[in-house]
Each structure stands twice: as structure tokens, then as C-alpha cells.
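Let me begin by presenting the structure, written as C-alpha cells, before commenting on it.
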Amino acid sequence: MNFYYFKSKILDLYILIFYHFSEEKNQVLLKRIFYCKNLEDINKKVKKINNDHLKQPSTLQEQEILLKLNNLIDSYFSGVNIDLLDAIKQINVSYDLKELFPTEFSQKVMKILSKTKFGERITYSEIGEKINSRAYQAIGNVLKNNPLPLIFPCHRVIRKDGKIGGFMGITKKSWETDLKKKLLNLERSP
DNA sequence: CCCTTTGAAACAG
DNA sequence: CTGTTTCAAAGGG
């Protein structure tokens, strides 16, 4: 597995990406994305993975793809209406749906989430209705464990009472919930 | 089995 | 309007 990170030019935030690169397909296969507050955060996450063959991008091809992904994400952060789930396909970035979401329940949740577009919001309750479940906390659990935030826009899920809801496992006010707010705000149409 | 979980609803103050 | 209590189903240990 490889990792790559960059600092956003728009938001005060680092993005850390774990991925696998296939030279045959010239494709970056996403495994996990993290929002990080600072470099220390990144170090912790990288150490935690502690995979023997963990390395940074080596080939020119993968660097090229990652740079495109970097730019795509920063455009998104600057308020451009981009469907990341779709846009990454065009720059040879992909993911394995079954690997990311092994259970039936999580797949259903993510399928509904994938349908929410830029600027839209959905509530935990509405997701529950659509998948015929009232296990709201379990839905929150799936979203918390979302391996590819941003790509799968879990920040668009808010509470039914209009409150922002939790983010990255944190419910109280924090930089995590502030980030969720920022992400929702930048999607607001001008 | 036991515990926790990015929530909701009902209720108290 | 803020706290509590109960509910609910999935997932990890």
C-alpha cells in the first residue's frame, strides 16, 4: 500500500490518502482517505497503519494521477460543483465497492448517500426510510466508518432536527464538526 | 454475549 | 430552549 498527502490551498486542512497503484492499468485504487488537522495527525495515521511495504508515490505516472486528484479536490473546496464520485473515474482513480463496504447494510446506506448531489442534504432519518430501517445509530456508524469521505459525501448527512450532527466520530463542537459545516457551506449555491 | 454507535422521539424542567 | 431516558439495529471484541 502507498500513501500520499497534500495541504489544501483553500481550506486549512491536509488530506491523507492510502491507495494501491496498478502499473498495468495505470490506475490509483483508493483504500482510505483521512482529513488531518496538521502534520502530526498525518504521522499518527501513517504509523498506525504500520504496513511493512508502506511507501510514498514512486512512479511518475502515479504522481501525475495523484496531482490531478489533488487539484480536483481543491477545485471542489473552492466551491466548484464537482461530482467527485464521477470525476475521479476520468483521471484513472477508482475503488473497490465490495471491499470498502463488505456488509449489505453498509452498501445500502452508501448507495443512498451516493445519490445525494452537490449542495443537497439528507438526514439520517431519510436514509433510514429509504433502506427501510430505523437503526439511525447504525447508519451513523456506517457513515463514521466511511473509508472514503469526500468521495462518498457523508458530510451531507445531517440530523432531522436541523442540527449539524456528528463528524468523524465527534458529536460535540470541534474542528471536525466545524469542517463538516465548512464543507456544507462551500456547496451552497452562489 | 456485551458493549458502543456521526440518531430519533418523548418527556421533564 | 437545554437535559434525561428509552428505543433501535448493526458491528466489533
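Chain A is the first sequence line, chain B the second, and so forth, proteins listed ahead of strands; every chain is numbered from 1. The shown structure was predicted, so the numbers you read here are calculated from the model rather than taken from an experiment.
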Mind checking the [atom1]-[atom2] spacing from [X] to [Y]? Nearest 0.5 Å is all I need.
X        : Y        : atom1 : atom2 : answer
A:Gln63  : A:Ile65  : CD    : CD1   : 11.0 Å
A:Phe77  : A:Leu183 : CZ    : CG    : 6.0 Å
A:Arg134 : A:Ile139 : CZ    : CD1   : 11.5 Å

Going by the rule ring pair (Phe, Tyr, Trp, His ring centres under 6.0 Å), which residues pair with [X] if we only count those two or more places apart in sequence or in a different chain?
X        : answer
A:Phe167 : A:Tyr35
A:Tyr5   : none
A:Tyr95  : A:Phe152

*asked:* Counting primed atoms plus P, OP1 and OP2 as sugar-phosphate and everything else as base, spell out the protein contacts along nucleotides 8-13 of chain C at 4.0 Å heavy-atom distance: B, S or - for each nucleotide, 5' to 3'.
replied: BBSS--
_Name the residue from A:Leu84, A:Ile91, A:Val28 that meets the side chain to side chain contact (heavy atoms under 4.5 Å, CB included) definition with A:Leu69._
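Of all the options given, the one that passes is A:Ile91.
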Name the pairs: protein N/O against N/O of nucleotides 10-13 of chain B, kept only if under 3.5 Å.
none

*Considering residues at least two apart in sequence or located in another chain, which fulfil the salt bridge (charged side-chain N to carboxylate O under 4.0 Å, His left out) criterion with A:Asp86?*
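Result, salt bridge (charged side-chain N to carboxylate O under 4.0 Å, His left out) vs A:Asp86: none returned.
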*For A:Arg159, salt bridge (charged side-chain N to carboxylate O under 4.0 Å, His left out) partners two or more places apart*: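 With sequence neighbours excluded, A:Arg159 shows a salt bridge (charged side-chain N to carboxylate O under 4.0 Å, His left out) to A:Asp161, given in chain and number order.
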Selection [range] - residue pairs positive for salt bridge (charged side-chain N to carboxylate O under 4.0 Å, His left out), sequence neighbours left out:
range                       : value
residues 68-78 of chain A   : none
residues 168-177 of chain A : A:Lys173-A:Asp178
residues 96-111 of chain A  : A:Lys31-A:Glu99

_Whole-Å gap separating C1' (B:dG7) and NZ (A:Lys163)_ =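 That distance rounds to 12 Å.
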_From CG of A:Asp161 over to C1' of C:dT2, roughly how many Å is that when rounded to an integer?_
12 Å
*Can you sort out which residues in residues 150-160 of chain A have a heavy atom within less than 4.0 Å of DNA chain B? Ascending by number, please.*
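Result for residues 150-160 of chain A: A:Cys154, A:Arg159, A:Lys160, sorted by number.
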*Could you walk me through whether A:Glu62 and A:Tyr4 pass the side chain to side chain donor-acceptor pair (under 3.5 Å) check?*
CA-CA 10 Å; A:Glu62 75 186 284; A:Tyr4 167 82; over 6 Å; no
*Please, what dot-bracket string fits DNA chain B when only Watson-Crick and G-U pairs with both distances under 3.5 Å count, crossing ones use [ ] and pairs to another strand use |?*
|||||.|||||||
